[in-house]
Protein chains: 2
Amino acid sequence: MSFFKGRETYSVDDKGRLAIPAKMRKSMSPESMETFVVTRGPDEDPCIYAYPLDEWQKVEGQLAGLNQYNDRDRFFLRTLLYWADELIFDKQHRVMLPKALVEFAQIEKTALIIGAMDHLEIWNPEIFESYLTKRQESYAEVAETVMGGRLL
Amino acid sequence: MSFFKGRETYSVDDKGRLAIPAKMRKSMSPESMETFVVTRGPDEDPCIYAYPLDEWQKVEGQLAGLNQYNDRDRFFLRTLLYWADELIFDKQHRVMLPKALVEFAQIEKTALIIGAMDHLEIWNPEIFESYLTKRQESYAEVAETVMGGRLL
DNA sequence: CAGTTGGTGGGGAAAAGTGGGGAAAGAATG
DNA sequence: CATTCTTTCCCCACTTTTCCCCACCAACTG
(Lines give C-alpha, C1' and ligand atoms only; values in the text may rest on other atoms or scores of the structure.)
Protein backbone atom coordinates (compact mmCIF):
# COMPACT_ATOMS: atom_id res chain seq x y z
CA MET A 1 0.00 0.00 0.00
CA SER A 2 1.93 3.03 1.19
CA PHE A 3 5.03 3.47 3.30
CA PHE A 4 4.89 3.36 7.06
CA LYS A 5 5.94 6.55 8.77
CA GLY A 6 5.56 8.37 12.06
CA ARG A 7 5.81 7.09 15.60
CA GLU A 8 3.63 6.50 18.61
CA THR A 9 4.35 5.61 22.19
CA TYR A 10 1.85 2.97 23.24
CA SER A 11 1.44 0.95 26.38
CA VAL A 12 1.99 -2.78 26.61
CA ASP A 13 -0.59 -4.15 29.02
CA ASP A 14 -0.12 -6.86 31.60
CA LYS A 15 -1.21 -9.49 29.12
CA GLY A 16 1.57 -8.49 26.72
CA ARG A 17 -0.77 -6.89 24.22
CA LEU A 18 0.21 -3.96 22.03
CA ALA A 19 -2.24 -1.97 19.91
CA ILE A 20 -1.20 -1.00 16.39
CA PRO A 21 -1.77 2.72 15.74
CA ALA A 22 -4.69 3.51 13.45
CA LYS A 23 -2.60 5.58 11.06
CA MET A 24 -0.20 2.67 10.56
CA ARG A 25 -3.02 0.21 10.04
CA LYS A 26 -4.18 2.48 7.22
CA SER A 27 -0.82 1.97 5.46
CA MET A 28 -1.36 -1.79 5.34
CA SER A 29 -2.85 -3.46 2.30
CA PRO A 30 -5.82 -5.81 2.75
CA GLU A 31 -3.61 -8.64 1.44
CA SER A 32 -1.70 -8.55 4.71
CA MET A 33 -4.78 -10.14 6.34
CA GLU A 34 -4.25 -8.20 9.57
CA THR A 35 -1.14 -10.26 10.10
CA PHE A 36 2.42 -9.29 10.99
CA VAL A 37 5.59 -11.31 10.84
CA VAL A 38 7.90 -10.13 13.61
CA THR A 39 11.58 -10.83 14.09
CA ARG A 40 14.62 -9.18 15.61
CA GLY A 41 16.05 -6.08 14.00
CA PRO A 42 19.51 -6.06 12.40
CA ASP A 43 20.88 -3.37 14.74
CA GLU A 44 23.35 -3.51 17.58
CA ASP A 45 20.62 -1.85 19.62
CA PRO A 46 17.80 -4.29 20.14
CA CYS A 47 14.42 -3.70 18.54
CA ILE A 48 11.64 -5.73 16.98
CA TYR A 49 10.86 -5.59 13.25
CA ALA A 50 7.27 -6.17 12.21
CA TYR A 51 6.42 -6.79 8.55
CA PRO A 52 2.87 -6.96 7.24
CA LEU A 53 2.38 -10.42 5.76
CA ASP A 54 2.62 -9.25 2.15
CA GLU A 55 5.81 -7.30 2.79
CA TRP A 56 7.29 -10.27 4.58
CA GLN A 57 6.71 -12.34 1.49
CA LYS A 58 9.00 -9.96 -0.40
CA VAL A 59 11.64 -10.47 2.28
CA GLU A 60 11.24 -14.21 1.85
CA GLY A 61 11.87 -13.71 -1.85
CA GLN A 62 15.21 -12.13 -1.03
CA LEU A 63 16.06 -14.83 1.46
CA ALA A 64 15.43 -17.42 -1.21
CA GLY A 65 18.28 -15.84 -3.16
CA LEU A 66 20.82 -16.57 -0.45
CA ASN A 67 23.24 -19.47 -0.62
CA GLN A 68 22.38 -22.01 2.07
CA TYR A 69 25.74 -23.68 1.56
CA ASN A 70 27.58 -20.49 2.49
CA ASP A 71 28.36 -20.27 6.18
CA ARG A 72 27.62 -16.56 6.65
CA ASP A 73 24.41 -16.70 4.63
CA ARG A 74 23.28 -19.65 6.70
CA PHE A 75 24.03 -17.84 9.95
CA PHE A 76 22.06 -14.80 8.82
CA LEU A 77 19.10 -16.90 7.73
CA ARG A 78 19.06 -18.98 10.89
CA THR A 79 19.17 -16.01 13.20
CA LEU A 80 16.48 -14.11 11.34
CA LEU A 81 14.12 -17.07 11.18
CA TYR A 82 14.86 -18.30 14.68
CA TRP A 83 13.31 -15.11 16.07
CA ALA A 84 10.46 -14.89 13.58
CA ASP A 85 6.83 -15.35 14.54
CA GLU A 86 3.46 -14.64 12.99
CA LEU A 87 1.00 -12.40 14.84
CA ILE A 88 -2.67 -11.80 14.06
CA PHE A 89 -4.68 -8.81 15.30
CA ASP A 90 -7.37 -9.39 17.87
CA LYS A 91 -10.69 -7.60 17.40
CA GLN A 92 -9.28 -4.47 19.07
CA HIS A 93 -6.39 -4.28 16.56
CA ARG A 94 -3.84 -5.51 19.08
CA VAL A 95 -1.12 -8.14 18.79
CA MET A 96 0.43 -10.34 21.47
CA LEU A 97 4.18 -9.85 21.35
CA PRO A 98 6.17 -13.10 21.82
CA LYS A 99 7.85 -13.20 25.23
CA ALA A 100 11.25 -13.94 23.75
CA LEU A 101 11.20 -10.84 21.55
CA VAL A 102 9.89 -8.64 24.34
CA GLU A 103 12.78 -9.81 26.46
CA PHE A 104 15.24 -9.36 23.60
CA ALA A 105 14.10 -5.78 22.94
CA GLN A 106 13.91 -5.07 26.69
CA ILE A 107 10.37 -3.77 26.37
CA GLU A 108 8.42 -3.17 29.55
CA LYS A 109 5.38 -1.01 30.16
CA THR A 110 5.62 1.20 27.11
CA ALA A 111 6.75 0.63 23.55
CA LEU A 112 7.78 3.07 20.86
CA ILE A 113 6.36 2.10 17.48
CA ILE A 114 8.11 3.62 14.46
CA GLY A 115 6.98 3.43 10.86
CA ALA A 116 10.00 2.62 8.65
CA MET A 117 8.89 2.19 5.03
CA ASP A 118 8.08 -1.49 4.60
CA HIS A 119 8.01 -2.44 8.29
CA LEU A 120 7.33 -1.21 11.80
CA GLU A 121 9.98 -1.07 14.48
CA ILE A 122 9.14 -1.64 18.12
CA TRP A 123 11.56 -0.21 20.65
CA ASN A 124 12.03 0.37 24.31
CA PRO A 125 11.71 4.20 24.23
CA GLU A 126 14.83 4.71 26.34
CA ILE A 127 16.96 2.48 24.16
CA PHE A 128 15.84 4.33 21.07
CA GLU A 129 16.64 7.61 22.77
CA SER A 130 20.17 6.46 23.46
CA TYR A 131 20.47 5.11 19.91
CA LEU A 132 19.79 8.63 18.65
CA THR A 133 21.98 10.52 21.09
CA LYS A 134 25.06 8.32 21.03
CA ARG A 135 25.67 9.00 17.35
CA GLN A 136 28.75 11.03 16.56
CA GLU A 137 27.31 12.46 13.37
CA SER A 138 24.32 14.76 13.51
CA TYR A 139 21.24 14.18 11.41
CA ALA A 140 22.14 17.28 9.39
CA GLU A 141 25.53 15.81 8.43
CA VAL A 142 24.20 12.40 7.53
CA ALA A 143 21.32 13.88 5.57
CA GLU A 144 23.68 15.92 3.43
CA THR A 145 25.85 13.00 2.39
CA VAL A 146 23.18 10.32 2.18
CA MET A 147 20.83 12.45 0.11
CA GLY A 148 23.56 14.64 -1.41
CA GLY A 149 23.03 15.33 -5.06
CA ARG A 150 19.45 14.26 -4.85
CA LEU A 151 16.49 16.31 -3.87
CA LEU A 152 15.17 17.09 -0.38
CA MET B 1 1.87 22.33 -9.71
CA SER B 2 4.05 25.38 -9.11
CA PHE B 3 6.76 26.23 -6.61
CA PHE B 4 5.93 27.53 -3.17
CA LYS B 5 7.27 30.97 -2.34
CA GLY B 6 6.66 33.86 0.02
CA ARG B 7 5.96 33.83 3.73
CA GLU B 8 3.15 34.40 6.20
CA THR B 9 3.00 34.68 9.96
CA TYR B 10 0.00 32.76 11.26
CA SER B 11 -1.29 31.90 14.69
CA VAL B 12 -1.34 28.40 16.17
CA ASP B 13 -4.44 27.97 18.33
CA ASP B 14 -4.77 26.13 21.64
CA LYS B 15 -5.67 22.91 19.86
CA GLY B 16 -2.43 23.03 17.86
CA ARG B 17 -4.11 23.94 14.60
CA LEU B 18 -2.45 26.00 11.89
CA ALA B 19 -4.17 27.39 8.81
CA ILE B 20 -2.38 27.07 5.47
CA PRO B 21 -2.23 30.41 3.63
CA ALA B 22 -4.57 30.64 0.66
CA LYS B 23 -1.84 31.68 -1.75
CA MET B 24 0.18 28.56 -0.86
CA ARG B 25 -2.83 26.30 -1.18
CA LYS B 26 -3.13 27.57 -4.72
CA SER B 27 0.35 26.20 -5.49
CA MET B 28 -0.75 22.70 -4.54
CA SER B 29 -1.93 20.25 -7.16
CA PRO B 30 -5.29 18.48 -6.69
CA GLU B 31 -3.36 15.18 -6.51
CA SER B 32 -2.09 16.21 -3.11
CA MET B 33 -5.60 15.52 -1.78
CA GLU B 34 -5.41 18.39 0.71
CA THR B 35 -2.78 16.39 2.52
CA PHE B 36 0.65 17.30 3.80
CA VAL B 37 3.42 15.06 5.04
CA VAL B 38 5.40 16.89 7.69
CA THR B 39 8.76 15.98 9.19
CA ARG B 40 11.73 17.69 10.77
CA GLY B 41 13.99 19.78 8.61
CA PRO B 42 17.62 18.75 8.11
CA ASP B 43 18.97 21.98 9.62
CA GLU B 44 20.77 22.48 12.87
CA ASP B 45 18.17 25.16 13.51
CA PRO B 46 14.86 23.46 14.13
CA CYS B 47 11.99 23.83 11.69
CA ILE B 48 9.20 21.71 10.24
CA TYR B 49 9.12 20.63 6.60
CA ALA B 50 5.71 20.13 5.01
CA TYR B 51 5.43 18.37 1.65
CA PRO B 52 2.18 18.15 -0.29
CA LEU B 53 1.33 14.45 -0.64
CA ASP B 54 2.39 14.24 -4.29
CA GLU B 55 5.73 15.89 -3.59
CA TRP B 56 6.29 13.58 -0.65
CA GLN B 57 5.82 10.60 -2.91
CA LYS B 58 8.84 11.81 -4.90
CA VAL B 59 10.81 11.89 -1.66
CA GLU B 60 9.68 8.36 -0.92
CA GLY B 61 10.98 7.36 -4.31
CA GLN B 62 14.41 8.59 -3.24
CA LEU B 63 14.18 6.84 0.11
CA ALA B 64 13.36 3.57 -1.59
CA GLY B 65 16.78 3.73 -3.25
CA LEU B 66 18.61 3.65 0.08
CA ASN B 67 20.07 0.49 1.56
CA GLN B 68 18.25 -0.48 4.74
CA TYR B 69 21.06 -2.80 5.74
CA ASN B 70 23.57 0.07 5.75
CA ASP B 71 23.92 1.71 9.15
CA ARG B 72 24.08 5.34 8.03
CA ASP B 73 21.27 5.00 5.55
CA ARG B 74 19.15 3.40 8.21
CA PHE B 75 19.88 6.17 10.67
CA PHE B 76 18.85 8.76 8.13
CA LEU B 77 15.70 6.88 7.17
CA ARG B 78 14.68 6.26 10.74
CA THR B 79 15.16 9.82 11.84
CA LEU B 80 13.30 11.23 8.87
CA LEU B 81 10.37 8.83 9.21
CA TYR B 82 10.39 8.96 12.99
CA TRP B 83 9.41 12.61 12.79
CA ALA B 84 7.09 12.20 9.82
CA ASP B 85 3.32 12.42 9.99
CA GLU B 86 0.48 12.81 7.54
CA LEU B 87 -1.82 15.79 8.03
CA ILE B 88 -5.14 16.33 6.30
CA PHE B 89 -6.86 19.72 6.07
CA ASP B 90 -9.99 20.19 8.09
CA LYS B 91 -12.88 21.97 6.42
CA GLN B 92 -11.31 25.32 7.33
CA HIS B 93 -8.02 24.46 5.54
CA ARG B 94 -6.16 23.90 8.78
CA VAL B 95 -3.83 21.11 9.87
CA MET B 96 -3.16 19.81 13.38
CA LEU B 97 0.57 19.98 13.96
CA PRO B 98 1.89 16.95 15.88
CA LYS B 99 2.88 17.87 19.44
CA ALA B 100 6.35 16.40 19.01
CA LEU B 101 7.16 18.56 16.00
CA VAL B 102 5.75 21.68 17.61
CA GLU B 103 8.02 21.03 20.55
CA PHE B 104 10.98 20.23 18.31
CA ALA B 105 10.57 23.44 16.33
CA GLN B 106 9.85 25.38 19.53
CA ILE B 107 6.69 26.83 18.07
CA GLU B 108 4.30 28.59 20.40
CA LYS B 109 1.54 31.05 19.61
CA THR B 110 2.68 32.08 16.16
CA ALA B 111 4.36 30.30 13.28
CA LEU B 112 6.24 31.62 10.28
CA ILE B 113 5.31 29.72 7.13
CA ILE B 114 7.82 29.97 4.28
CA GLY B 115 7.32 28.70 0.76
CA ALA B 116 10.43 26.77 -0.32
CA MET B 117 9.97 25.26 -3.77
CA ASP B 118 8.59 21.77 -3.27
CA HIS B 119 7.75 22.16 0.42
CA LEU B 120 6.71 24.62 3.10
CA GLU B 121 8.83 25.37 6.13
CA ILE B 122 7.28 26.19 9.46
CA TRP B 123 9.44 28.12 11.92
CA ASN B 124 9.29 29.86 15.22
CA PRO B 125 9.62 33.44 13.90
CA GLU B 126 12.34 34.34 16.42
CA ILE B 127 14.44 31.29 15.60
CA PHE B 128 14.26 32.09 11.93
CA GLU B 129 15.29 35.67 12.71
CA SER B 130 18.36 34.50 14.60
CA TYR B 131 19.14 31.97 11.86
CA LEU B 132 19.39 34.85 9.43
CA THR B 133 21.40 37.19 11.63
CA LYS B 134 23.93 34.76 13.08
CA ARG B 135 25.44 33.93 9.69
CA GLN B 136 28.97 35.18 9.16
CA GLU B 137 28.62 35.27 5.42
CA SER B 138 26.24 37.74 3.89
CA TYR B 139 23.52 36.76 1.45
CA ALA B 140 25.50 38.58 -1.24
CA GLU B 141 28.61 36.47 -0.67
CA VAL B 142 26.76 33.18 -0.56
CA ALA B 143 24.79 34.03 -3.65
CA GLU B 144 27.97 34.56 -5.60
CA THR B 145 29.52 31.21 -4.74
CA VAL B 146 26.35 29.17 -4.84
CA MET B 147 25.00 30.55 -8.08
CA GLY B 148 28.24 31.97 -9.50
CA GLY B 149 28.97 30.79 -12.97
CA ARG B 150 25.42 29.74 -13.47
CA LEU B 151 22.60 31.83 -14.66
CA LEU B 152 20.63 34.25 -12.46
C1' DC C 1 -20.49 50.08 1.20
C1' DA C 2 -22.34 45.55 0.49
C1' DG C 3 -20.62 41.00 -0.77
C1' DT C 4 -17.10 37.66 -0.79
C1' DT C 5 -12.98 35.55 0.65
C1' DG C 6 -9.73 34.36 4.31
C1' DG C 7 -8.23 33.67 9.21
C1' DT C 8 -9.52 32.44 14.22
C1' DG C 9 -11.97 30.27 18.01
C1' DG C 10 -14.84 26.86 20.58
C1' DG C 11 -18.71 23.17 21.52
C1' DG C 12 -19.91 18.57 20.77
C1' DA C 13 -20.02 14.09 18.34
C1' DA C 14 -17.22 10.31 16.78
C1' DA C 15 -13.03 7.65 16.73
C1' DA C 16 -9.10 5.67 18.89
C1' DG C 17 -6.45 3.87 22.92
C1' DT C 18 -6.55 1.27 27.44
C1' DG C 19 -7.83 -2.00 30.80
C1' DG C 20 -10.12 -6.05 32.83
C1' DG C 21 -13.69 -10.05 33.31
C1' DG C 22 -14.63 -14.37 31.70
C1' DA C 23 -15.24 -18.16 28.23
C1' DA C 24 -12.82 -21.36 25.23
C1' DA C 25 -8.77 -23.85 23.92
C1' DG C 26 -4.63 -26.06 25.00
C1' DA C 27 -0.94 -28.04 28.09
C1' DA C 28 0.43 -30.31 32.20
C1' DT C 29 -0.32 -33.58 35.90
C1' DG C 30 -2.03 -37.38 38.59
C1' DC D 1 -8.58 -40.39 30.78
C1' DA D 2 -10.12 -36.89 33.85
C1' DT D 3 -8.84 -32.80 36.36
C1' DT D 4 -6.48 -28.65 36.95
C1' DC D 5 -3.86 -24.89 35.50
C1' DT D 6 -2.36 -21.74 31.95
C1' DT D 7 -2.84 -19.20 27.87
C1' DT D 8 -5.47 -16.95 24.37
C1' DC D 9 -8.93 -14.07 22.78
C1' DC D 10 -13.59 -12.02 22.60
C1' DC D 11 -16.45 -8.65 24.62
C1' DC D 12 -17.69 -4.69 27.29
C1' DA D 13 -16.64 -0.26 29.48
C1' DC D 14 -14.07 3.89 30.30
C1' DT D 15 -11.05 7.82 28.93
C1' DT D 16 -8.74 10.72 25.79
C1' DT D 17 -8.06 12.63 21.39
C1' DT D 18 -9.52 14.08 16.97
C1' DC D 19 -12.25 16.41 13.83
C1' DC D 20 -16.62 18.21 12.07
C1' DC D 21 -19.52 22.04 12.29
C1' DC D 22 -21.06 26.54 13.32
C1' DA D 23 -20.06 31.30 14.26
C1' DC D 24 -17.52 35.54 14.21
C1' DC D 25 -14.42 39.12 12.58
C1' DA D 26 -11.29 41.30 9.54
C1' DA D 27 -9.82 42.51 4.93
C1' DC D 28 -10.14 43.00 0.31
C1' DT D 29 -13.03 43.66 -4.07
C1' DG D 30 -16.23 45.28 -7.22
Side-chain angles (χ1 to χ4, degrees), chain A residues 1 4-28 33-38 48 50 53 85-103 107-115 120-125, chain B residues 4-28 30 32-38 48 50 52-53 84-103 107-115 120 122-125:
Chain A
M1 199 95 176
F4 289 120
K5 57 180 169 293
R7 47 109 180 252
E8 293 292 334
T9 306
Y10 271 30
S11 65
V12 178
D13 67 26
D14 294 344
K15 296 183 180 178
R17 296 178 301 189
L18 174 69
I20 304 300
K23 67 180 178 191
M24 295 175 185
R25 289 201 310 269
K26 286 175 186 150
S27 296
M28 295 177 69
M33 305 279 291
E34 311 216 308
T35 304
F36 274 114
V37 175
V38 291
I48 300 173
L53 188 55
D85 208 342
E86 205 165 289
L87 310 181
I88 304 177
F89 290 6
D90 70 12
K91 290 292 161 70
Q92 279 75 243
H93 321 294
R94 293 177 291 202
V95 293
M96 274 253 312
L97 297 174
K99 284 200 184 75
L101 278 171
V102 169
E103 209 169 300
I107 289 168
E108 291 165 26
K109 291 276 175 209
T110 63
L112 174 67
I113 307 173
I114 304 173
L120 300 181
E121 298 184 7
I122 303 167
W123 290 75
N124 173 325
Chain B
F4 290 121
K5 56 183 173 298
R7 52 110 185 271
E8 292 291 336
T9 306
Y10 272 32
S11 68
V12 178
D13 69 25
D14 293 345
K15 294 185 180 177
R17 297 178 300 190
L18 174 70
I20 303 300
K23 68 177 180 190
M24 294 175 184
R25 288 204 310 269
K26 286 172 186 150
S27 296
M28 294 175 71
S32 61
M33 305 277 291
E34 310 218 307
T35 303
F36 272 113
V37 175
V38 291
I48 300 173
L53 187 55
D85 211 340
E86 204 166 299
L87 311 181
I88 303 177
F89 290 6
D90 69 12
K91 290 293 159 70
Q92 280 74 243
H93 321 294
R94 292 176 293 198
V95 293
M96 271 252 312
L97 296 175
K99 284 198 186 75
L101 277 172
V102 169
E103 209 171 298
I107 289 169
E108 291 165 27
K109 292 277 175 208
T110 63
L112 173 66
I113 306 173
I114 304 173
L120 301 180
I122 303 168
W123 290 74
N124 173 326

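Throughout, protein chains are lettered first and strands after them, A, B, ... in sequence-line order, and every chain is numbered starting at 1.
Bracketed by its first and final contacts, the part of DNA chain D lying under 4.0 Å from non-hydrogen atoms of chain B reaches from D:dT18 to D:dC22 in 5' to 3' order.
Put simply, CG on B:L18 is 16 Å from P on C:dG6, counting in whole angstrom units. Protein atom CZ of B:R25 is 6 Å distant from nucleotide atom P of C:dG6, rounded to whole Å.
Residues B:L97 and B:V95 meet the side-chain proximity criterion, which asks for heavy atoms closer than 4.5 Å. Side chains of B:K109 and B:D14 form a contact here, defined as non-hydrogen atoms less than 4.5 Å apart.
Judged by atom type and distance alone, A:R17 reaches the base of C:dG20 through a side-chain donor-acceptor pair under 3.5 Å.
Nearest nucleotide to the side chain of A:K15, out of C:dG20, C:dA16, C:dG19: C:dG20.
For the segment residues 85-98 of chain A, the set of residues with a heavy atom within less than 4.0 Å of an atom of DNA chain D comprises A:D90, A:K91, A:Q92, A:R94, A:M96, in numerical order.
Heavy atoms from other residues, nucleotides or ligands lying under 6.0 Å from CD of B:E108 number 12 at most.
Among residues at least two apart or in separate chains, salt bridge (charged side-chain N to carboxylate O under 4.0 Å, His left out) pairs with a member in residues 4-13 of chain B are B:E8-B:K23, B:D13-B:R17.
Heavy atoms only, all atoms of each residue included: A:F36 and A:M28 are closest at CZ-SD, 3.7 Å.
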Quiz item: side chain to side chain contact (heavy atoms under 4.5 Å, CB included) between B:L120 and B:I20: does it pass, once the steps are laid out?
Solution: CA-CA 10 Å; B:L120 301 180; B:I20 303 300; 4.3 Å; yes

Practice problem: Start with the C-alpha distance between B:I107 and B:I122, add both sets of side-chain angles, then the distance that settles side chain to side chain contact (heavy atoms under 4.5 Å, CB included), and finish with yes or no. | Solution: CA-CA 9 Å; B:I107 289 169; B:I122 303 168; 3.6 Å; yes

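Here CD of A:E121 is found 11.5 Å from CD1 of A:I113. Values are rounded to the nearest 0.5 Å.
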